[in-house]
There are 2 protein chains.
Amino acid sequence: MAVSNPLRTFFPDRVFAAGCPSRTVLDHVMSKWGLLVLLALGDGEPLRWSELRRRAEGVSEKMLAQTLRTLVADGFVVRDARPVVPPHVEYSLTPRGLELAALLNPLMVWVVENAPDILEDAAAS
Amino acid sequence: MAVSNPLRTFFPDRVFAAGCPSRTVLDHVMSKWGLLVLLALGDGEPLRWSELRRRAEGVSEKMLAQTLRTLVADGFVVRDARPVVPPHVEYSLTPRGLELAALLNPLMVWVVENAPDILEDAAAS
DNA sequence: CAGCATCCGCAGCGATACTG
DNA sequence: CAGTATCGCTGCGGATGCTG
């Protein structure tokens with residue numbers, strides 16, 4: 001049965017049109033590390049570089065740097081560098097980032113709650 | 001300011017632990033094409049292979065096949081093949097897939113609504 | 001401590017051709 | 001129509017070494 005879908009307002013006959021700006025944003029936000037960084041900062045607490053590396057377990061320096069640069073450019077994250085030695089840099093979410101994180105959170109909770117069942121099915125097939 | 005975060009129930013000091021089953025599910029669900037397929041089917045309407053290729057604009061045959069196999073194995077999608085010539089195959093969401101799509105939708109609406117502003121910021125930097 | 005620059009391997013992806 | 005099979009490449013991402 002069909003369900004009314006607000007996305008159809010934007011995309012009547014496709015999902016996300018190719019070349020559409022939202023595809024780019026989607027790639028940034030839903031990327032493996034982009035997602036984890038947004039979630040790590042999702043509490044609203046600022047985090048330091050080293051702390052982010054710990055929380056997004058498995059991320060390399062290169063990927064963290066690249067991811068952060070993208071998120072900062074997109075206006076999801078602010079970088080606050082204090083001119084001290086040794087350097088002290090904090091990252092936190094902008095209001096826009098907080099909006100996004102708020103939408104991400106219920107989804108992530110659903111995923112962790114259902115992941116075991118899902119992979120059980122996948123293994124059985 | 002700190003916000004109470006239900007994800008912390010599962011991951012007190014990290015985001016998604018490396019090697020955690022939910023990371024795998026996340027990779028399937030948030031992948032470029034996985035996402036688009038889930039959204040395309042999000043209305044609840046079954047779609048045929050050729051229709052899916054049209055809606056997820058830009059997807060190659062190979063990637064569509066691979067994506068669908070994963071989503072079927074994970075129990076998000078059902079494949080209904082009718083033994084006729086020419087072949088007629090329909091894909092639709094399972095109840096689990098519908099749950100997921102329901103959580104995905106508000107997020108996607110937010111993304112399309114904010115994408116122009118976001119990329120404007122990105123271009124300015 | 002918080003990065004940037006560079007090299008490089010390989011898996012992921014696209015393109016093409018073929019089939020039930 | 002709805003896929004599978006194969007090949008070739010490229011660009012993502014890891015590893016390493018260096019700097020303010």
Side-chain angles (χ1 to χ4, degrees), chain A residues 15-19 23-38 40-41 45-74 77-93 122 125, chain B residues 15-16 18-19 23-37 40-41 45-74 77-92 125:
Chain A
V15 200
F16 282 62
R23 282 249 185 137
T24 306
V25 174
L26 226 51
D27 283 348
H28 296 177
V29 160
M30 308 300 253
S31 74
K32 184 180 172 85
W33 302 120
L35 200 57
L36 291 185
V37 167
L38 286 169
L41 294 171
E45 300 271 17
L47 293 178
R48 301 182 61 176
W49 165 275
S50 50
E51 188 56 20
L52 277 171
R53 280 211 71 190
R54 283 194 51 260
R55 304 242 188 157
E57 201 184 356
V59 70
S60 67
E61 290 190 357
K62 181 184 176 181
M63 284 295 103
L64 181 55
Q66 195 174 111
T67 301
L68 283 171
R69 257 182 271 126
T70 306
L71 292 179
V72 168
D74 287 350
V77 170
V78 273
R79 191 188 117 109
D80 175 23
R82 307 187 189 168
V84 295
V85 279
H88 186 103
V89 182
E90 285 188 346
Y91 295 90
S92 54
L93 292 184
S125 66
Chain B
V15 199
F16 282 63
R23 281 250 185 136
T24 307
V25 175
L26 228 50
D27 283 349
H28 296 177
V29 159
M30 306 302 252
S31 74
K32 184 180 172 84
W33 302 120
L35 202 55
L36 292 184
V37 167
L41 294 171
E45 301 272 18
L47 293 178
R48 303 181 60 174
W49 165 275
S50 49
E51 189 56 22
L52 277 171
R53 278 212 74 190
R54 282 194 51 260
R55 303 240 188 159
E57 199 184 358
V59 71
S60 67
E61 290 191 356
K62 181 182 176 181
M63 287 321 289
L64 182 55
Q66 193 172 115
T67 301
L68 283 171
R69 258 183 271 126
T70 305
L71 293 179
V72 168
D74 287 349
V77 170
V78 274
R79 192 188 116 109
D80 176 22
R82 305 187 191 170
V84 295
V85 279
H88 186 104
V89 183
E90 285 188 346
Y91 295 91
S92 55
S125 66

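Below, chains carry the letters A, B, ... as their sequence lines are ordered, and counting in each starts from 1.
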Expressed as a whole number of angstroms, how long is the span from B/Leu47:CG to D/dC1:P?
15 Å
End-to-end axis angle, where each axis spans five pairs of the helix from C/dC1-D/dG20 to C/dG20-D/dC1, to 10°:
60°
Using whole Å, what does the distance between atom C1' of nucleotide D/dC12 and atom CE of A/Met63 come to?
6 Å
Using the test side chain to side chain donor-acceptor pair (under 3.5 Å), find all partners of A/Arg23 that sit at least two apart in sequence or belong to another chain.
none
Side-chain contact test, heavy atoms from C-beta onward, threshold under 4.5 Å: evaluate it for B/Leu36 versus B/Val59 and give yes or no.
no
Rounded distance in Å - CZ (B/Arg53) to C1' (D/dT4)
14 Å
Heavy-atom side-chain contact between B/Leu52 and B/Leu68 under 4.5 Å
yes
Would you kindly give the NZ-to-C1' distance between A/Lys32 and D/dG14, to the nearest whole Å?
12 Å
Interatomic distance, A/Arg79 atom CZ to A/Ser92 atom OG [nearest 0.5 angstrom]:
12.0 Å
Can you tell me how far apart NZ (A/Lys62) and OG1 (A/Thr67) are? Round to the nearest 0.5 Å.
11.0 Å
Just N and O in the side chain of B/Ser50: are any of them under 4.0 Å from OP1 or OP2 of D/dA2?
yes
Show each protein N/O and nucleotides 3-7 of chain C N/O combination with a separation under 3.5 Å, one pair to a line.
residue : atom : partner : partner atom : Å
C/dG3   : OP1  : A/Arg79 : NH1          : 2.1
C/dG3   : OP1  : A/Tyr91 : OH           : 3.3
C/dG3   : OP2  : A/Tyr91 : OH           : 2.6
C/dG3   : N7   : A/Glu61 : OE1          : 3.2
C/dC4   : N4   : A/Glu61 : OE1          : 3.1

Quick one: CG on A/Asp27 to CE on B/Met30, what's the gap to the nearest 0.5 Å?
12.0 Å
B/His88 NE2 to D/dG3 P: how many Å, rounded?
11 Å
Please report, rounded to the nearest Å, how far the P atom of D/dG14 is from the CD atom of A/Glu57.
14 Å
Write down the distance between CD (B/Glu51) and P (D/dG3), rounded to a whole number of angstrom.
14 Å
It should be established whether B/Arg48 places a side-chain nitrogen or oxygen under 4.0 Å from OP1 or OP2 of nucleotide D/dA2.
yes
About how many Å separate NZ of B/Lys32 and CE of B/Met63, when rounded to the nearest 0.5 Å?
10.0 Å
Are A/Val15 and B/Val37 close enough that some pair of their side-chain heavy atoms sits under 4.5 Å apart?
no
Between B/Pro87 and B/Arg48, which heavy-atom pair has the shortest distance, and what is it?
O-NH2, 3.6 Å
Whole angstrom is fine here: how far is it from CG in A/Leu64 over to C1' in D/dG13?
13 Å
